[in-house]
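Every heavy atom of this structure was used, including side-chain atoms; hydrogens, water molecules and symmetry mates were not. Letters A, B, ... are given to chains in the order of the sequence lines, protein chains preceding strands, and every chain is numbered from 1. What you see is a predicted model, and the numbers here were worked out from it, not measured in a lab.
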Protein chains: 2
Amino acid sequence: MNRRKPTMADVARHAGVSLKTVSRVVNQEPHVRASLQQRVQAAITALGYRRNEAAARLARGATMLTLGLVMENISNEFYSRLAAAVEEAAAGHEALVVFGSYEESPDKERMLIESMYARGVDSLIVVPSAADHSWLAEHASLTTVFVDRVPQGLDAADVVLLDDVRGARTATEHLLAHGHRRIALISDDEGLSSVHDRATGYRKALGAAGVTAEESLVVRGVFEPGRVAYEVIRLLDLPSPPTAFFATNNRAAIGILQALRERPERPAYVGFDDFALAGVFNPGVTVVRYDVSRLARNAVELLLNPSPAPRRVKVPVELLARGSGERPP
Amino acid sequence: MNRRKPTMADVARHAGVSLKTVSRVVNQEPHVRASLQQRVQAAITALGYRRNEAAARLARGATMLTLGLVMENISNEFYSRLAAAVEEAAAGHEALVVFGSYEESPDKERMLIESMYARGVDSLIVVPSAADHSWLAEHASLTTVFVDRVPQGLDAADVVLLDDVRGARTATEHLLAHGHRRIALISDDEGLSSVHDRATGYRKALGAAGVTAEESLVVRGVFEPGRVAYEVIRLLDLPSPPTAFFATNNRAAIGILQALRERPERPAYVGFDDFALAGVFNPGVTVVRYDVSRLARNAVELLLNPSPAPRRVKVPVELLARGSGERPP
């Protein structure tokens, strides 16, 4: 408590004047009696008070460097990790971050972006929905970097992606290496480029191993964990059920965990995206992971260094074995 | 795809003119040839194009209504849920949300708030650190509502709290009702009013049941799950270990889950704060929960309706039994 910085209130107490008087002296307002001014100055010197930098900058009319961050849903751990990382990266450039979630609604996504734009946010990081984004080209002064997914309908966009094909291929190869041949794919909307690429990696790995990809083992367009759990149970009830699952995102992995609470089977599974509790389950959840702060830093750097030529950055991924992906068939 | 709104680019294509020409017509700029104007107007009518609202508002110089949200760490699920709820509540008032995390550093908290303030954010929702906040009184134009914790050193602050004493008392009574007498408390920094109140509720419940609160069963000042796990294992190794745990926040509950992965004992435990995977563990985690959107809505409403008299709102809590809190000693 002794080490806290002295405030205007401390100066006022020490000088025996009102806070208003201190404020007028500090802000160099006219018409302050010389005797009061001297008492305030003496108190400022005695206490080592320094004028508040925030107020000083406000007085200079500092412009607001604000990045907009538009995401599907910040209560999904992928997005809260991304938001934390973007905030940290932005703080390194003294920028603030405005954020908004559009849930799964492309209309809300557009409203959010236009609302930010209308209020002076002209630097945006967007995790785009599967909808067409060509309307963005209309906002000439808007600088946008897309993260995690390629936007539809914009040819010349800067994009920071994960190495989705490779990650999915690695995950599937891992399950193949542990003896699995009937590997189910639990996948979100394939209109999202990341989901499409992860499904591609899965099929490539199966193809390279000479395993036929069975359409009956593929679930598409699910993202809500309860719905995933329902589909996992449906697959486990097949006459010839899968012995392993590849989940294309954290929510799909959580749906698998939910399903296995209800069932005696112990299939192997690998998720894409790490999550805080992945190591706390028993066995731990084997995942494809990546450095989310690298995703964020790349996006912020592209945003702050605009270029006429569109750029595409790919962030590497790696498999982390924790137990769930190493079970035999 | 057919239902997407027509853009200026569509109008330009339809009219056979440049985008720039459409822009000039739409923005009612002078010196556009009448014939071009007619073609553009015809295309606008044919396609049902409506002028972009964002651009229109920007042209009117709409001021930015921005709330600042200052939290400990957005990658902690308590904060990501709060952030999602504040964003939703703010959107209902057409406000945007800037956010920042100070981790556990009071210096970073102050820097964040001053940085937001200096850039024109004058409405703040703060989950305060345990440090002194009297310096905030200096920023006369700053309207601040505190959430979850009472700030130190500010007498006249608006605060939205959870009913912490009651929640902790209910949790402890629940464990007592299931036959436990040796109930450990896993607690964060008691300089935080919420933590202090939860510890108070725990002691009140024990006192009312005639159970002596044993200081050896109380762990204070831990918030990192790995550190909590270490302390839980230390307690389980005592000659007379606890048979139950009350965890004062979600991170403490996660630490208990981590510890129990390593140990054969199956103590009962109840957490404070719900989390997404609480129901996925087996048994599920019994928690004290509350409606986080109510916390957020109350904060936004206080912020947008300032009052000279300080206000304090309390959000109710309830116990949700899922299995971990119902085990016998």
Side-chain angles (χ1 to χ4, degrees), chain A residues 1 4-5 7-9 19 23 52-58 62-66 68 73-75 77 79-81 83-84 87-88 91 94 96-101 110 112-121 131-132 134-135 137-139 225 254 257-258 261 275-277 279-282, chain B residues 1 4-5 7-9 19 52-58 62-66 68 73-75 77 79-81 83-84 87-88 91 94 96-101 112-121 131-132 134-135 137-140 225 254 257-258 261 275-277 279-282 284:
Chain A
M1 289 289 284
R4 79 178 171 87
K5 296 182 198 164
T7 64
M8 276 204 208
L19 191 58
S23 164
N52 185 282
E53 188 49 26
R57 285 172 74 177
L58 187 62
T63 51
M64 188 163 172
L65 174 54
T66 306
N73 193 336
I74 199 172
S75 52
E77 192 172 323
Y79 295 103
S80 61
R81 284 181 173 220
E87 188 225 330
E88 199 188 334
E94 301 197 354
L96 295 178
V97 180
V98 185
F99 75 98
S101 307
R110 182 165 178 170
L112 251 175
I113 292 175
E114 301 215 321
S115 166
M116 289 183 178
Y117 181 65
R119 287 152 186 203
V121 176
D132 181 84
S134 59
W135 59 271
E138 219 172 298
H139 301 310
I254 289 164
L257 279 160
Q258 278 185 18
R261 263 205 68 166
F275 53 103
L277 295 182
V280 181
F281 285 92
N282 197 357
Chain B
M1 290 290 284
R4 79 179 172 87
K5 296 182 197 165
T7 64
M8 276 203 209
L19 191 58
N52 185 282
E53 188 50 26
R57 286 172 74 178
L58 188 61
T63 52
M64 188 162 173
L65 175 53
T66 306
N73 193 336
I74 200 172
S75 51
E77 191 173 322
Y79 294 104
S80 62
R81 284 181 173 218
E87 188 225 331
E88 199 187 334
E94 302 196 354
L96 296 178
V97 180
V98 185
F99 76 98
S101 307
L112 250 175
I113 294 176
E114 302 215 320
S115 166
M116 289 184 179
Y117 180 65
R119 286 151 187 204
V121 176
D132 181 84
S134 59
W135 58 272
E138 219 173 299
H139 301 310
I254 290 163
L257 279 160
Q258 279 185 17
R261 263 204 68 166
F275 53 102
L277 295 182
V280 181
F281 285 93
N282 197 358

>> Is the ring pair A:Phe281/B:Phe281 parallel, tilted or perpendicular, if the boundaries are 30 and 60 degrees?
In response: parallel
> chain B: which of A:Leu277, A:Leu112, A:Leu257 shares the most heavy-atom pairs with it under 4.5 Å?
Replying inline: A:Leu277
> Hey, is the main chain of B:Gly279 close enough, under 3.5 Å, to the side chain of A:Arg261 for a donor-acceptor pair?
Replying inline: yes
> Do you know which of A:Gly100, A:Gly68, A:Ser75, A:Ala276 has the most heavy-atom pairs under 4.5 Å to chain B?
Replying inline: A:Gly100
> With side chains defined as the heavy atoms from C-beta onward, is the minimum distance between A:Ile74 and B:Ile74 less than 4.5 Å?
Replying inline: yes
>> Does any backbone or side-chain atom of A:Ala83 lie under 4.5 Å from a heavy atom of chain B? Answer side chain, backbone, both or neither.
In response: both
> Taking only residues two or more places apart in sequence, or in another chain, which ones meet B:Glu88 in a salt bridge (charged side-chain N to carboxylate O under 4.0 Å, His left out)?
Replying inline: none
>> Which atoms of B:Phe275 are under 4.5 Å from chain A, going by heavy atoms: the side chain, the backbone, both sets, or neither?
In response: side chain
> For the candidates B:Leu19, B:Asn73, B:Val97, B:Asn282, which exhibits the highest count of non-hydrogen atom pairs separated by less than 4.5 Å from chain A?
Replying inline: B:Val97
> Is a donor on one side and an acceptor on the other found under 3.5 Å between the side chain of A:Glu87 and the backbone of B:Phe99?
Replying inline: no
